[in-house]
Amino acid sequence: EAKVFNRFNATIEWYKRVTEDLLMQYPIASSLGFDSYLRNIGSMRNTGFDISIGGTVVDAQDFKWDLTLNGSTVKNKVLKLADKPEIISGSFIIKEGEALNSFYVARAAGVDPATGMQIYRVFDIDEETGEKDYYYTTNANLANASREIVGSRIPDIYGSINNEFRYKGFDLSVMATYSVGGKVLDQLYRSLLYPTYVGQTVHANRDRAWKEPGDITDIPRFEIGKTYPVTDNDLIDASYFAIKNITAGYTLPSRLSRSVNLETVRFTVSGDNMWLFTHLKGMDPQYNFGGSTTFAYTPTRTVSFGVDIKF
């Protein structure tokens, strides 16, 4: 913790938290009637830094600007599971030594310009050395058999930025949140990108799909009913910048408010959930650290007006 010139202050904290008896879905044989049940099966560790920097940037006679920056990092690691080193669930894996709910998918290697087929980076295990021998193929079955861990939803850093401006009787505050790094599997976007039946709604990015020999693109040719393995190409950058609140106000001069026997009168206009900037339009990764999207409404943008009167 530090303070500079009585105007700026900074706080840096390091933390380490170990969680025991994690409550997770424990997979079992489907022949028993269901494929999993909740069980306390492991432990994990979170470490990281919490950083806060704030102070007065400008302090003039009629103008003042206060700024506060917050940032946090987290590094997650599964320490132990019950009686198996990993639990696989769809495109996610919980594995000892890795981050919780890491992505476990095939590797994409582009689209064949000649045929429009998806190319995958697959491997065979050398029986003598145990090392992976990589090669390329369009075989989806081999791709599914060659899945690897390719990151997680956990960002590199996330936090908030708060600005407060004052000029004579006017004031303005702008609060924003941000996140840098991490990935998200947008299943809703993927379902629109790879439709499975005639008449299904498709995403505008489907226009980028391969159409004729020589096309260079990242989306394979359009085939109704064909399913594609989930690959690292389906993982979208989860970074975002959101302007959460903007509040503007004006306080009447004291001589005017006192002339009507009031202590202060302040008029305000405030907007919440104003703008969100993400890698993919329409995707909102703000409230989900699980790694995938669902059919959920995003927070409503609201604008309100107010009058604050003190007698």
Side-chain angles (χ1 to χ4, degrees), residues 27 29-30 35 78 84-154 181-198 200-238 279-280 283 290-293:
S30 300
D35 56 10
V78 176
K84 57 176 61 179
E86 62 186 34
I87 298 175
I88 300 173
S89 177
S91 300
F92 298 89
I93 185 173
I94 302 173
K95 184 177 181 180
E96 293 178 358
E98 301 289 344
L100 187 69
N101 284 333
S102 294
F103 293 109
Y104 188 60
V105 298
R107 294 273 192 174
V111 175
D112 189 337
T115 64
M117 298 287 289
Q118 178 70 59
I119 302 174
Y120 305 99
R121 183 173 182 252
V122 300
F123 59 83
D124 291 328
I125 302 294
D126 189 297
E127 295 182 358
E128 295 183 359
T129 65
E131 296 181 353
K132 297 178 180 179
D133 296 325
Y134 288 95
Y135 60 97
Y136 299 94
T137 182
T138 58
N139 189 311
N141 292 328
L142 292 176
N144 278 321
S146 302
R147 294 192 293 171
E148 295 182 291
I149 296 176
V150 290
S152 71
R153 172 63 183 87
I154 299 175
K183 302 174 183 178
V184 63
L185 176 58
D186 192 338
Q187 296 281 19
L188 308 183
Y189 170 67
R190 193 172 187 275
S191 67
L192 297 176
L193 204 58
Y194 303 109
T196 55
Y197 56 87
V198 176
Q200 182 177 347
T201 301
V202 298
H203 197 276
N205 288 349
R206 187 71 215 185
D207 290 338
R208 297 206 316 260
W210 183 95
K211 298 179 179 64
E212 59 184 25
D215 285 350
I216 305 298
T217 182
D218 61 334
I219 301 178
R221 68 187 187 187
F222 189 79
E223 295 183 60
I224 290 292
K226 182 171 182 178
T227 58
Y228 292 91
V230 178
T231 70
D232 55 345
N233 194 47
D234 295 313
L235 304 181
I236 301 170
D237 187 349
H279 184 75
L280 177 65
M283 181 185 74
S292 62
T293 57

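If you're wondering where the values come from, they're calculated on a predicted model, not measured in any experiment. Heavy atoms only: backbone and side chains are in, while hydrogens, waters and symmetry mates are out.
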Within residues 99-123 or reaching into it, pairs that qualify as ring-ring contact (aromatic ring centres under 6.0 Å, His included) - sequence neighbours excluded: F92-F103, F123-Y134
Looking at every non-hydrogen atom in both residues, tell me the closest pair between Y189 and I236 and how far apart they are. CD2-CD1, 3.9 Å
Distance-minimising heavy-atom pair for A108 and T231: CB-OG1, 3.6 Å
Closest non-hydrogen atoms of D237 and G182, given as atom of the first, atom of the second and distance, are OD1-O, 3.6 Å
Quick one, L280 and N205 - any side-chain contact, counting heavy atoms below 4.5 Å? yes
Minimum heavy-atom distance A209-T217, with the two atoms named: C-CG2, 4.2 Å
Measuring from R147:CZ to D232:CG, what's the distance to the nearest 0.5 Å? 13.0 Å
Does a donor on one side chain sit under 3.5 Å from an acceptor on the other, for D234 and Y228? no
I want to check something: taking the side chain as every heavy atom from C-beta on, are Y135 and L142 in contact at a cut-off of under 4.5 Å? yes
So L192 and V202, do their side chains get closer than 4.5 Å, heavy atoms only? no
Between the main-chain N or O of T115 and the side-chain N or O of R221, is there a donor-acceptor pair closer than 3.5 Å? yes
V150 and R107, any side-chain heavy atoms less than 4.5 Å apart: yes
Please confirm whether the backbone N or O of L193 pairs with a side-chain atom of R206, one donor and one acceptor, at under 3.5 Å? yes
Closest contact, heavy atoms only, I154 versus A99: CD1-CB, 4.1 Å
Rounded to the nearest 0.5 Å, how far does NZ of K183 lie from CG of L185? 11.5 Å
How long is the straight-line distance from OG of S91 back to CG of N101, given to the nearest 0.5 Å? 11.5 Å
First locate atom CD of E86, then atom CD of E96, and finally report the distance between them rounded to the nearest 0.5 Å. 9.5 Å
E223 side chain near M117 side chain, heavy-atom distance below 4.5 Å: yes
Using a 3.5 Å distance criterion without hydrogens, assess whether the side chain of Q118 forms a donor-acceptor pair with backbone atoms of G110. yes
Contact check, side chains of I149 and K95, non-hydrogen atoms, under 4.5 Å: yes
D124 CG to D133 CG distance, which is reported to the nearest 0.5 Å: 7.0 Å
K132 vs I125 side-chain heavy atoms within contact, under 4.5 Å: yes
CG of L100 to CD1 of I93, rounded to nearest 0.5 Å, is 11.5 Å
Please report the closest heavy-atom contact between A143 and A106, naming both atoms and the distance. O-CB, 3.4 Å
